[in-house]
Amino acid sequence: MARYNAKESEQRWQREWDSRLTFVTANDTSRPKCYVLEMFPYPSGRIHMGHVRNYTMGDVIARFRRAQGFNVLHPMGWDAFGLPAENAARDGGINPRTWTYANIDAMRSELKALGLAIDWSREFATCDPSYYAHQQKLFLDFYKDDLVYRHEADVNWDPVDMTVLANEQVIDGKGWRSGAAVERRKLSQWFFRITRYSEDLLNALDTLDKWPEKVRLMQKNWIGRSEGLRFSFDLSNLTSLDVFSTRPDTLFGASFVALSPDHPLTEELAKTDETLRDFIAECRRTGTAEAEIETAEKLGYDTGLTAAHPFDPNWKLPVMVANFVLMGYGTGAIFGCPAHDQRDWDFATKYKLPILPVVVPEGETSVDISKEPYVGPGRIFNSRFLDGMDVGTAKNEVASRLEKDGKGQRTVNYRLRDWLASRQRAWGCPIPMVHCATCGVVPAKESDLPIKLPDDLDFSVKGNPLDAHPTFKHTTCPKCGAKALRDTDTLDTFVDSSWYFARFADPFSADPVNRDAVNYWLPVDQYIGGIEHAILHLLYARFFTRAMHATGWARVDEPFASLFTQGMVCHETYSVADNSAQGSHFVLPDEIEKRGDSAYLKGTETPVIVGASEKMSKSKKNVVAPMGMIDVYGADSIRWFMLSDSPPERDTDWSETGAEGCWRFVQRIWRLVTEAEDLPAPGTKVGEVSGAALELRQAAHKAIAAVTEDLAALRFNRAVAQLYTLANAIQQNASVDGAVRREALETIVLLAGPMMPHLAESCWEALGHTTLLVDTPWPSFIAALTKSETVTIAVQVNGKRRAELTLAVNAPEAQVRAAALADDGVVRALEGKAPKKVIVVPNRIVNVVV
RNA sequence: GCGGGCGUGGCGGAAUGGUAGACGCACCGGACUUAAAAUCCGUAGGGGCGCGAGCCCCGUGCCGGUUCAAGUCCGGCCGCCCGCACCA
């Protein structure tokens, strides 16, 4: 029999599925649905192994659920706006649209070569005007509902590229492209009011029980809820100052009040204080990088103002400006209680401010704060009317008194900030707003949507090419008709990915979404992607879904019922010594060969240093191109590799020997199927069997039960192991023929179907079927056949295994006990002593205690 | 610093508190072959005893505990990984 020709078979079945429209999904609301979605890719031009792993997992789920009878939606699209296209335009003079769509074409054909069960009829790219038109409409709807607003904010400004940068694009205080020191600028920008849902986004995390705990925790920390008291100090300049504290119980331990360098009051004072101006400048020079924050020294500046203690107008506290007080949290001002807060302690120690303890640990009479602050629970002392109260009671007492005086208010504070969505970028969704000299900011008319990006942008200009375009920004005011200017900012590309899953429900809808379709398909039943999106994308999508609910476009709040975050694909790194500053440079896996335990550059004696396995990345050159591997081993082998061995949530190592092993298994299944002779016709019933035939039947039915369970739980590595076990059983029971052999072969082929769809289709055909495997229902098992009639029971004496018994399943306890005690090994281990106790765990184990 | 996760053969990993190492990769031995490839069969955690069938001891990062029984549960360490981080 000829070897399995993966390339031929894969092309053939892909054409077959295509021409039959097998994976085109109808919005048939009468059927139970299953929406399977993997995070859509950025069209960089080539798929990488991470894509292969991600899309293979999703595909297995989609095909599995489809076989189980669900109406499965499994679409694909492109997260197509973004910087790389602009960089290509700037560096290579290519139109970003041309560049992006060429990449999409290339990647689409690569994804198709994987044999994914995708409804390509629903494909769209976020840079299609037919997509972003609807995004502009949603933006306007959100604006009407006050979910979008314009606000002046400090932003990271790159003075060389003349654009705002996202926080992630600022590395060690410098622009990631230009390398220029980033400046802080105040600019009017568009924001999404995500903080309207702070509480709900936090609370609803508890309902997302099919999300990884880790992701929920990360979001929880990101939202950062804390309860405290907001209250004001009267200042010596006759103004008052709001502070926020979670520890108002320590108010009598206060020794200073501190302002952020960015606080409005600081700025006001700086107008007439040159030294303060210098101090602010120095604070701003300190970067925001992790290492710098860790080592950053506390810096303070005494403004000369004083603040009166809220409970004692004669008690004056110095008002400082401190570099560790953040304008972005709370009110941008604090009171410092050095005895019970680490930062305040550091600060007070440095500037010789009083450190007065006011909390003593429960049951103790004093507290030592000479070396470090005490931040634990306890009782209040040194605090007048609070003395003797525990921390919680004291918090309440302070809050009640200040609330009564109208000086304070219990508040819940969140770390979550509103989402700054403006970008001074040309390759993004234009913000549909117009600036009119008389009417101010006016929304574009809906009839004017989409506000289209012009095709003739000049990327050689500094700053935003959209702003530099000769005509784009010139328009008329939708309100008064006078000449006006368009907003030339575009939306953060995270906006594009915040609702694409809803558009897939009906990508042809004339509205942003087709409500009926969205109500049928959402939430996504299984979402799969990388952990790197744990916060931003997933939080934004959760916000957007709520905002769409509020504006009438959706009925659900949570877009993703079940989330799975898959691990990364890693590979060894290879490097060769050279005279560079680093002393070596990386080389591609293709460029090396291994001889024995050493590695060399191919065909040379130049030694190669084999480094640790790390996430595949271009910079480390430890990348293996999926298409090359598919060429050699076929898509099914590569899919199988991605599912084998490593649990899907963990990182996995690419290895060529592993891929070869998968290829051998593909051939093995093909051989098992094609070498079977004289099989009865498809559909032949299996009669009563015993012996080896029964064993084979049991192996098949056990495999059905196990694989079904494993796939449902996304335990692909275990499903893979089950199929190896079944293959071994088929091979070991070579003498079994007839209907039982057919049943076993059909079982392995059907179970392998979601994972190796092309091979399975070819095998199904070879087994004499005239219908497609992809249209065949998932097999069911006979429960009685998933259990053997005998069971091996271990016998322990005092917890150590001394014997094995083979007995009938569910043998009576007395019989098990008798057999155990009669066993030679057990008798020997007992050394003539009488058992004190015999524990019999049915069908599992016996433990004899002496 | 705070939060979370993980630690099992040469490697990836399996194991509702119940025979630790399923399954795969690599390695080794054998068969087939003129030879190779492919394929098939077999051994394999460490140590010891026995001619042998087999038997014994040790073993899931370390120390202790609970239990008839612990990779699994509890307490305390050690190590690695990830996330957040001057959040008042």
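Computed from heavy atoms alone, side chains included, the values below leave out hydrogens, waters and symmetry copies. Here is how names work: the chains are called A, B, and so on, in the same order as the sequence lines, proteins then strands, and each is numbered from 1.
- Look at the P atom in both B:rC27 and B:rA38: the space between them is 11 Å, to the nearest Å.
- The residue A:R230 sits apart from the nucleic acid: no heavy atom pair falls under 4.0 Å.
- Side-chain contact between A:V52 and A:M629 is absent, with no heavy-atom pair separated by less than 4.5 Å.
- Non-hydrogen atoms lying under 4.0 Å from RNA chain B are contributed by A:F244, A:S245, A:T246, A:R247, all within residues 243-255 of chain A.
- Nucleotides B:rC81 and B:rU16 place their P atoms 29 Å apart, quoted to the nearest Å.
- A donor and an acceptor atom, one from each side chain of A:S226 and A:Y329, are located under 3.5 Å apart.
- Annotation: B:rG50 and B:rC56 have their P atoms spaced 16 Å apart (nearest Å).
- B:rA35 and B:rA44 are spaced 29 Å apart, taking the P atom of each and rounding to whole Å.
- Distance CG (A:D710) to P (B:rG24): 16 Å, rounded to an integer number of Å.
- Around atom CD of A:Q342, more than 12 heavy atoms belonging to other residues, nucleotides or ligands sit under 6.0 Å away.
- Residue A:K615 qualifies as open at atom NZ: its count of foreign heavy atoms under 6.0 Å is 12 or below.
- Checked against side chain to side chain contact (heavy atoms under 4.5 Å, CB included), A:A719 has the following partners two or more places apart in sequence or in another chain: A:V707, A:D710, A:L711, A:M755.
- Remark: A:K298 is not positioned above the aromatic ring of A:F347, lacking an NZ or CZ atom under 6.0 angstrom from the ring centre and at most 45 degrees off the axis.
- Nearer the 5' end of RNA chain B, as judged by each residue's closest nucleotide, is the contact made by A:D651, out of A:V325 and A:D651.
- Checked by atom type, the side-chain pair A:K407/A:S240 shows no donor-acceptor distance below 3.5 Å.
- Sparse packing is recorded around CZ of A:R817, with 12 or fewer heavy atoms of other residues, nucleotides or ligands lying under 6.0 Å away.
- Each of B:rG4, B:rA88, B:rG12 was ranked by its minimum atom distance to the side chain of A:S646; first place goes to B:rG12.
- For the C1' atoms, the distance linking B:rC62 with B:rG13 amounts to 23 Å, nearest Å.
- The one candidate from A:M616, A:M49, A:K620 that meets the side-chain contact (heavy atoms from CB on, under 4.5 Å) condition with A:H571 is A:M616.
- Classification of the A:W419-A:Y540 ring pair by plane angle, with boundaries at 30° and 60°, yields parallel.
- Side-chain nitrogen and oxygen atoms of A:K800 include none within less than 4.0 Å of the OP1 or OP2 phosphate oxygen of B:rA70.
- The separation of B:rU72 from B:rG18, taken at their P atoms, amounts to 11 Å, rounded to a whole angstrom.
- Separating the CZ atom of A:R668 from the P atom of B:rA38 is a distance of 15 Å, rounded to the nearest angstrom.
- The side chain of A:P647 lies closest to B:rA14, out of B:rA14, B:rG12, B:rC56.
- Of the listed nucleotides (B:rG3, B:rA88, B:rG13), B:rA88 has the atom at the smallest distance from the side chain of A:S226.
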Please list, pair by pair, any protein nitrogen or oxygen found under 3.5 Å from a nitrogen or oxygen in nucleotides 26-29 of chain B.
unit_1, atom_1, unit_2, atom_2, d
B:rA26, OP2, A:R664, NH2, 3.2

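- Side-chain nitrogen and oxygen atoms of A:R715 include none within less than 4.0 Å of the OP1 or OP2 phosphate oxygen of B:rA14.
- Rounding to whole angstrom units, CD of residue A:E213 and C1' of B:rC6 are separated by 16 Å.
- Proximity of the aromatic rings of A:W663 and A:F641 is defined here by a centroid distance below 6.0 angstrom, and this criterion is not met.
- A side-chain N or O of A:R410 and one of A:N396 form a donor-acceptor pair less than 3.5 Å apart.
- Going from the C1' atom of B:rU67 to that of B:rC78 covers 26 Å, rounded to whole Å.
- Between the C1' atom of B:rG42 and the CD atom of A:Q732 lies a distance of 12 Å, rounded to the nearest Å.
- For residues 819-835 of chain A, no pair satisfies side chain to side chain donor-acceptor pair (under 3.5 Å), with sequence neighbours left out.
- Side-chain contact, A:T652 with A:S646: a donor N or O sits under 3.5 Å from an acceptor N or O.
- Comparing A:D341 and A:L217 against RNA chain B, the residue whose closest nucleotide sits nearer the 5' end is A:L217.
- Side-chain N/O atoms of A:R650 include none lying less than 4.0 angstrom from OP1 or OP2 on B:rC6.
- Across the protein-nucleic acid pair, A:E572 atom CD and B:rC11 atom P stand 14 Å apart, rounded to whole Å.
- The base of B:rC68 has none of its N or O atoms less than 3.5 Å from a complementary donor or acceptor on the side chain of A:K836.
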**OP:** Return one dot-bracket line describing RNA chain B 5' to 3' (Watson-Crick or G-U wobble pairs, both distances under 3.5 Å; ( ) same strand, [ ] crossing, | another strand, . none).
**Re:** (((((((..(((.....[....)))..((((.......))))..(((((....)))))..(((((..]....))))))))))))....
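- In this structure, A:R802 atom CZ and B:rG54 atom P are separated by 17 Å, rounded to whole Å.
- The separation between A:L539 atom CG and B:rC84 atom P is 13 Å, rounded to whole Å.
- Atom-to-atom, CZ of A:F231 to C1' of B:rA88 comes out at 10 Å; the value is rounded to the nearest Å.
- There is a side-chain donor-acceptor pair under 3.5 Å between A:T195 and A:D418.
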Identify each atom pair where a protein N or O and an N or O of nucleotides 18-23 of chain B are less than 3.5 Å apart, giving names and distance.
unit_1, atom_1, unit_2, atom_2, d
B:rU19, O2, A:E804, OE2, 2.8
B:rU19, N3, A:E804, OE2, 3.3
B:rU19, O4, A:T792, O, 3.3

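- Taking the C1' atoms as reference points, B:rC86 lies 26 Å from B:rG5, given to the whole Å.
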